[in-house]
Number of protein chains: 2
Amino acid sequence: MLKLSKKAEYAFMATIYLASHSGNEYPTAKEIADNYKIPFQLVAKILQNLAKNNIVISFQGVKGGYKLNKNPDEISLIDIIKAVETNYKLTECMLEGGDTSNCTLVDCCKIRDPLVEIQRKIDIMFQETSLKQIL
Amino acid sequence: MLKLSKKAEYAFMATIYLASHSGNEYPTAKEIADNYKIPFQLVAKILQNLAKNNIVISFQGVKGGYKLNKNPDEISLIDIIKAVETNYKLTECMLEGGDTSNCTLVDCCKIRDPLVEIQRKIDIMFQETSLKQIL
DNA sequence: TTAAATAAGACTTAAATGGTCGGACATAAC
DNA sequence: GTTATGTCCGACCATTTAAGTCTTATTTAA
């Protein structure tokens, strides 16, 4: 409960690794997996997600690998999370099949789900923290 | 991911209900369940957990029910969460089987799991928010 | 042409969550 | 002292989500 997923964790690790290894050669998924001793396939997939969302750039082929697409201080943690997490929806109204007609949204949610406000705060926290801050 | 569990949500609802219905009679688990249209059995169990952790006081028997044990401004959200959530351990070192011998804890965790710091912040947020604030 | 890399989707397994059931105990009211 | 109405508590089941694996295709430097 309220725990960050491995996906997010690995995504942070990978981007942190890329941020601190910006040499001539591009770090590969395998290199990252080995370094942190985490499953290769999983990291690979996560990097693909990050690539799709323009957080990293991927290079295919023999000398391939990954590099960050922006500077670490320009990458918000929420970008990384959203790239990796399929159903990331903290702030959404949680009513399902509820009577939303007489629901002035925020107020309604506040009554039925007192946590929305808190989740919004967490959301903001991720938004306001950059990758650089956790290097 | 990072979503609050139903247990926590129901616990908040229940305590909020108790906070706003402190009349002569004690609200029952059934009353709360009906009011919010949430599963009775589940709310009952959650209230039991809250009772065990001295957040609410339970009264058995015919005229039984529950009431808050403290004022809403004296109850921290983290108390409620901890009472209800079995494995709530955000700040704990996440290493398992890792080499903890040369691990000066905080630093080691920071390297291997950059999220510890963030999770700590979330922790603090819950600690500093009282039940009264979400009424 | 080959070796080393990413891309991608299907699949399997494991764990957590949400919810249910049944029986025991407590007590106010009759 | 019996009954109705409540809490207490542990075991259980079902579903969903998360985590990890497998396989095949594609790209590209040497």
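Numbers restart at 1 for each chain; the letters A, B, ... are given by sequence-line order, proteins then strands.
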Students often get this wrong, so: under 4.0 angstrom with heavy atoms, is [X] touching a base, only sugar-phosphate, or nothing?
X	value
Lys30(A)	nothing
Ala44(B)	nothing
Ala51(A)	nothing

Tell me whether [X] contacts the main-chain N or O of [Y] through its side chain, where contact means a donor paired with an acceptor under 3.5 Å.
X	Y	result
Thr129(B)	Phe126(B)	no
Ser76(A)	Gln127(A)	yes
Asn69(A)	Ile57(A)	no

Value in whole Å for how far the [atom2] atom of [N] lies from [atom1] of [X]:
X	N	atom1	atom2	answer
Gln48(B)	dC25(C)	CD	P	15 Å
Leu47(A)	dA8(C)	CG	P	13 Å
Ile46(B)	dT17(C)	CD1	P	13 Å
Glu9(B)	dG19(C)	CD	C1'	15 Å
Leu50(A)	dA8(C)	CG	C1'	15 Å
Gln41(A)	dT6(C)	CD	P	11 Å
Lys45(B)	dG22(C)	NZ	P	14 Å
Asn49(A)	dG9(C)	CG	C1'	12 Å

Output for pair (Glu9(A) CD, Tyr36(A) OH), nearest 0.5 Å, gives 11.0 Å
(request) Go through Glu85(B) and Ser5(B) one step at a time and tell me if the side-chain hydrogen bond (donor to acceptor under 3.5 Å, both in side chains) criterion holds. (result) CA-CA 8 Å; Glu85(B) 214 63 41; Ser5(B) 68; 2.9 Å; yes
- Do Tyr26(B) and Phe59(B) have their ring centres less than 6.0 Å from each other? yes
Nearest heavy-atom approach of Thr15(A) to Leu50(A) is CG2-CD1, 3.9 Å
Taking for Lys7(A) and for Gln60(A) the nucleotide of DNA chain D with the nearest heavy atom, the one nearer the 5' end belongs to Lys7(A)
Assign each of Val62(B) and Leu42(A) the nucleotide of DNA chain D bearing its closest heavy atom; nearer the 5' end lies the nucleotide of Val62(B)
* To do: Would you indicate, yes or no, if dG19(C) has its OP1 or OP2 atom less than 4.0 angstrom from a side-chain nitrogen or oxygen of Tyr10(B)?
  => yes
Min and max contacting nt of DNA chain D in 5' to 3' order, chain A heavy atoms within under 4.0 angstrom, are dA19(D) to dA29(D)
DNA chain C nearest-nucleotide lookup for Lys63(B) and Pro27(A): closer to the 5′ end is Pro27(A)
By nearest-nucleotide position on DNA chain C, the 5'-leaning member of Ala29(A) and Phe40(B) is Ala29(A)
